[in-house]
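Below is one structure, written out as structure tokens, with a few remarks after it.
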Amino acid sequence: MSGLALVTGANRGIGFAVARGLCEHGLTVLLGARDGSEGEKAARTLADTGGDARPIEIDIADDASVAGAAAAIDAEFGALDVLVNNAGVKYEFHPAPPSQASLDVVRETYRVNVFGTMSVTLAMLPLLKRAAAGRIVNVSSGLSSMGLASVSGSKHAQKAMLSYNTSKAAINSVTIQFANELRDTPIKVNSADPGYTKTDMTHFDGNRSPEQAAQVIIRLATLGPDGPSGCFFDNDGALPW
Ligand code: NAP
């Protein structure tokens, strides 16, 4: 498979594993990082093992940075085949009753996870439309699933995190909105739940490696023409919204 992919937050964790996997699929991968030197370091690691990986500076919470990255991709490549909206933050470590949440934390989480993801999607969409078959993968979380969390007493019902879970639920809605608008185009838009993964975000307390977590994201990023759009998947299959 050839083509150009942008993975945001690709300097570490799941994003880095996704970038590595997409390189292995033969794609040229732009490793998005808000710290340029971290992006360069990560791209060099992949390039050293034969991947066509290049760093690109992008802070998804900064509209000017996002616009700059889109302009740079436009100038050098003119189109984008794959966008993986992976960059994200989670400030709550333990579940807590929503009545105890801090609105400042909610706002800061939304600034990155929700507005940042929307900003990147809007900026990159014209480039994705110029590709033969654009793919957008929004990295969500099983914790966002209203279908699972609304079952009283369920594991998901017990994992309340007002900022993070609702920010990822908003991203799922973003997935549906864009998938519907783009239904008559070759572009496919899906949400992925990578699962509980050993990264900085979980203080390395997950039950899977970033490489395992990346699998579902890579699958959705490389879907064929008959693949789904407007859906939510983890590694085992479809998840309820
Ligand atoms: P991570 O190790 O904390 O990595 C997060 C990445 O996002 C880093 O590269 C970070 O960059 C980047 N980032 C944060 N804010 C950014 C911004 N404003 N602009 C650009 N990049 C930014 O976390 P992870 O576990 O790999 O998470 C990756 C994605 O998977 C996230 O969307 C997360 O919500 C999702 N997820 C993770 C788990 C899990 O168990 N780990 C489960 C479900 C979903 P810096 O290095 O500059 O901070």
Side-chain angles (χ1 to χ4, degrees), residues 6-21 29-43 45 55-70 83-95 107-121 123-124 136-145 148-149 156 159 161 163-172 174-175 191-218 220-221 232-235 239:
L6 168 64
V7 183
T8 62
N11 52 296
R12 60 184 166 97
I14 295 169
F16 180 72
V18 170
R20 187 197 293 278
V29 180
L30 301 174
L31 280 92
R34 56 181 163 175
D35 177 330
S37 62
E38 290 297 315
E40 270 171 38
K41 223 182 339 172
T45 303
I56 186 164
E57 210 169 300
I58 179 167
D59 180 339
I60 71 162
D62 177 342
D63 289 346
S65 169
V66 171
L83 168 63
V84 179
N85 280 315
N86 167 77
V89 293
K90 178 168 172 280
Y91 298 113
E92 301 137 304
F93 187 56
H94 297 293
R107 280 200 190 92
E108 186 51 28
T109 304
Y110 273 53
R111 197 173 72 84
V112 179
N113 291 3
V114 181
F115 300 125
T117 296
M118 286 186 193
S119 169
V120 176
T121 304
M124 301 300 164
I136 301 174
V137 185
N138 292 325
V139 180
S140 180
S141 165
L143 295 174
S144 72
S145 168
L148 296 175
H156 285 75
K159 290 194 174 157
M161 284 184 259
S163 309
Y164 184 74
N165 297 3
T166 64
S167 75
K168 293 294 187 180
I171 286 174
N172 287 345
V174 170
T175 294
S191 279
D193 167 25
Y196 190 45
T197 309
K198 293 183 213 299
T199 65
D200 285 300
M201 184 171 280
T202 58
H203 302 190
F204 296 91
D205 183 39
N207 53 26
R208 52 180 45 216
S209 68
E211 288 70 28
Q212 290 169 315
Q215 283 173 13
V216 62
I217 301 168
I218 293 166
L220 294 173
F232 185 20
F233 292 97
D234 68 8
N235 237 337
L239 286 174

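Keep in mind the model is a prediction, meaning the values are calculated, not measured. Only heavy atoms go into these numbers, but all of them, side chains included; no hydrogens, no water, no symmetry mates. Here, residue 1 is the first one in the sequence, and each next residue gets the next number. Read the numbers this way: they start at 1 and go in the same order the structure lists the ligands and their atoms.
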Note to self: Is any side-chain heavy atom of Asn172 closer than 4.5 Å to one of Lys168?
What the structure shows: no
Next item on the list: Take every heavy atom of Lys198, measure it against each atom of ligand 1, and state whether any distance is under 4.0 Å.
Entry: no
Margin query: Which residue and atom name correspond to the protein heavy atom nearest atom 42 (C) of ligand 1, and how close is it?
Written below: Gly195 O, 3.1 Å
Next item on the list: Any chance you could measure Thr8, atom OG1, to Ile56, atom CD1, to the nearest 0.5 Å?
Entry: 11.0 Å
Margin query: So for ligand 1, is Arg12 a polar contact partner (N or O within less than 3.5 Å, distance only)?
Written below: yes
Notebook entry, point to check: Does some side-chain heavy atom of Val84 sit less than 4.5 Å from a side-chain heavy atom of Val139?
Noted result: yes
Notebook entry, point to check: Which residue owns the protein heavy atom closest to atom 23 (O) of ligand 1, what's the atom, and how far is it?
Noted result: Met201 CB, 3.5 Å
Next item on the list: Would you mind checking which non-hydrogen protein atom is closest to atom 34 (O) of ligand 1, with the distance to 0.1 Å?
Entry: Tyr164 OH, 2.6 Å
Notebook entry, point to check: Below 4.5 Å, heavy atoms only, C-beta onward: do Ile60 and Val112 meet side chain to side chain?
Noted result: yes
Margin query: To the closest 0.5 Å, what do you measure between CG (Asn138) and CG (Asn86)?
Written below: 10.5 Å
Note to self: Geometry only, no angles: is Val112 polar-contacting ligand 1 at N/O separations under 3.5 Å?
What the structure shows: no
Next item on the list: Return yes or no for this condition: an N or O of Thr202 is under 3.5 Å from an N or O of ligand 1.
Entry: no
Notebook entry, point to check: So, do Asp205 and Tyr196 sit near enough that their side-chain heavy atoms are less than 4.5 Å apart?
Noted result: yes
Margin query: Please check if the number of heavy atoms outside Lys198 that lie under 6.0 Å from its NZ is greater than 12.
Written below: yes
Check: Do any nitrogen or oxygen atoms of Gly9 lie less than 3.5 angstrom from nitrogen or oxygen atoms of ligand 1?
Finding: yes
Item checked: Identity and distance of the protein heavy atom lying nearest atom 19 (N) of ligand 1 -> Ile60 N, 2.9 Å
Check: Would you say Val139 touches ligand 1, if touching means a heavy atom closer than 4.0 Å?
Finding: yes
Notebook entry, point to check: How many angstroms lie between atom OG1 of Thr199 and atom NZ of Lys90, to the nearest 0.5 angstrom?
Noted result: 9.0 Å
Next item on the list: Could you tell me if any non-hydrogen atom of Phe16 lies under 4.0 Å from any atom of ligand 1?
Entry: no
Item checked: Subset of ligand 1 atoms that lie under 4.0 Å from at least one heavy atom of Ile58 -> 19 (N), 20 (C)
Item checked: Gly142 versus Leu148, closest heavy-atom pair with distance -> O-CD1, 4.5 Å
Note to self: Taking the side chain as everything from C-beta on, heavy atoms only, tell me whether Val66 gets closer than 4.5 Å to Ile58.
What the structure shows: yes
Notebook entry, point to check: Using a heavy-atom cut-off of under 4.0 Å, does the side chain or the backbone of Lys168 touch ligand 1, or both, or neither?
Noted result: side chain
Item checked: Heavy-atom side-chain proximity of Thr109 to Tyr91 below 4.5 angstrom -> yes
Note to self: Side chains of Arg208 and Asn235, heavy atoms from C-beta outward: is any pair under 4.5 Å?
What the structure shows: yes
Item checked: Note, Val89 side chain near Glu108 side chain (heavy atom, < 4.5 Å) -> no
Next item on the list: Considering the heavy atoms of Gly13, write down every atom of ligand 1 situated less than 4.0 Å from one of them.
Entry: 2 (O), 26 (O)
Check: Looking only at distance, does Asp35 have an N or O less than 3.5 Å from an N or O of ligand 1?
Finding: no
Next item on the list: Give yes if a backbone or side-chain nitrogen or oxygen of Ile14 is under 3.5 Å from a nitrogen or oxygen of ligand 1, and no if not.
Entry: yes
Item checked: Min N/O separation Asn11 to ligand 1 under 3.5 Å -> yes
Notebook entry, point to check: What protein heavy atom sits nearest atom 21 (N) of ligand 1, and how far off is it?
Noted result: Ala87 CB, 3.4 Å
Next item on the list: Could you tell me the residue and atom name of the protein heavy atom closest to atom 32 (O) of ligand 1, and the distance to it rounded to 0.1 Å?
Entry: Asn86 O, 2.7 Å
Check: Got an N/O contact under 3.5 Å between Ala10 and ligand 1?
Finding: no
Next item on the list: Enter the distance from Ser141:OG to Asn113:CG here, rounded to the nearest 0.5 Å.
Entry: 10.0 Å
Next item on the list: Output the list of atoms in ligand 1 that are nearer than 4.0 Å to some heavy atom of Asp200, sorted by atom number.
Entry: 2 (O)
Notebook entry, point to check: Closer than 4.0 angstrom: is that true for some heavy atom of Pro194 and an atom of ligand 1?
Noted result: yes
Check: For ligand 1, which atoms have a heavy atom of Tyr196 less than 4.0 angstrom away?
Finding: 40 (O)
Note to self: Using 0.5 Å steps for rounding, measure from the CG atom of Asn165 to the OG atom of Ser167.
What the structure shows: 7.5 Å
Margin query: What protein heavy atom lies closest to atom 47 (O) of ligand 1? Include the residue and the distance to one decimal.
Written below: Arg34 NE, 2.8 Å
Margin query: Using heavy atoms and a 4.0 Å limit, tell me yes or no: is Thr8 in contact with ligand 1?
Written below: no
Note to self: With a 4.0 Å cut-off on heavy atoms, is Gly142 in contact with ligand 1?
What the structure shows: no
Check: Going by heavy atoms, is Ser140 under 4.0 Å from ligand 1?
Finding: yes
Notebook entry, point to check: Does the side chain of Ser140 pick up a donor-acceptor pair with the side chain of Ser191 at under 3.5 Å?
Noted result: no
Item checked: Interatomic distance, Tyr164 atom OH to Glu92 atom CD [nearest 0.5 angstrom] -> 10.0 Å
Notebook entry, point to check: Strictly under 4.0 Å, does any heavy atom of Asn85 approach an atom of ligand 1?
Noted result: no
Note to self: Suppose I only count heavy atoms of Val89 and a 4.0 Å limit; which atoms of ligand 1 are within that range?
What the structure shows: 14 (C), 15 (N)
Margin query: Using a 4.0 Å cut-off to any heavy atom of Gly88, which atoms of ligand 1 qualify?
Written below: 5 (C), 7 (O), 14 (C), 32 (O)
Next item on the list: Around atom 41 (N) of ligand 1, find the nearest protein heavy atom and jot down its residue, atom name and distance.
Entry: Thr199 OG1, 3.2 Å
Check: Any donor-acceptor pair under 3.5 Å linking the side chain of Thr202 with the backbone of Thr197?
Finding: yes
Note to self: Under 3.5 Å between any N/O of Thr197 and any N/O of ligand 1: does that happen in this structure?
What the structure shows: yes
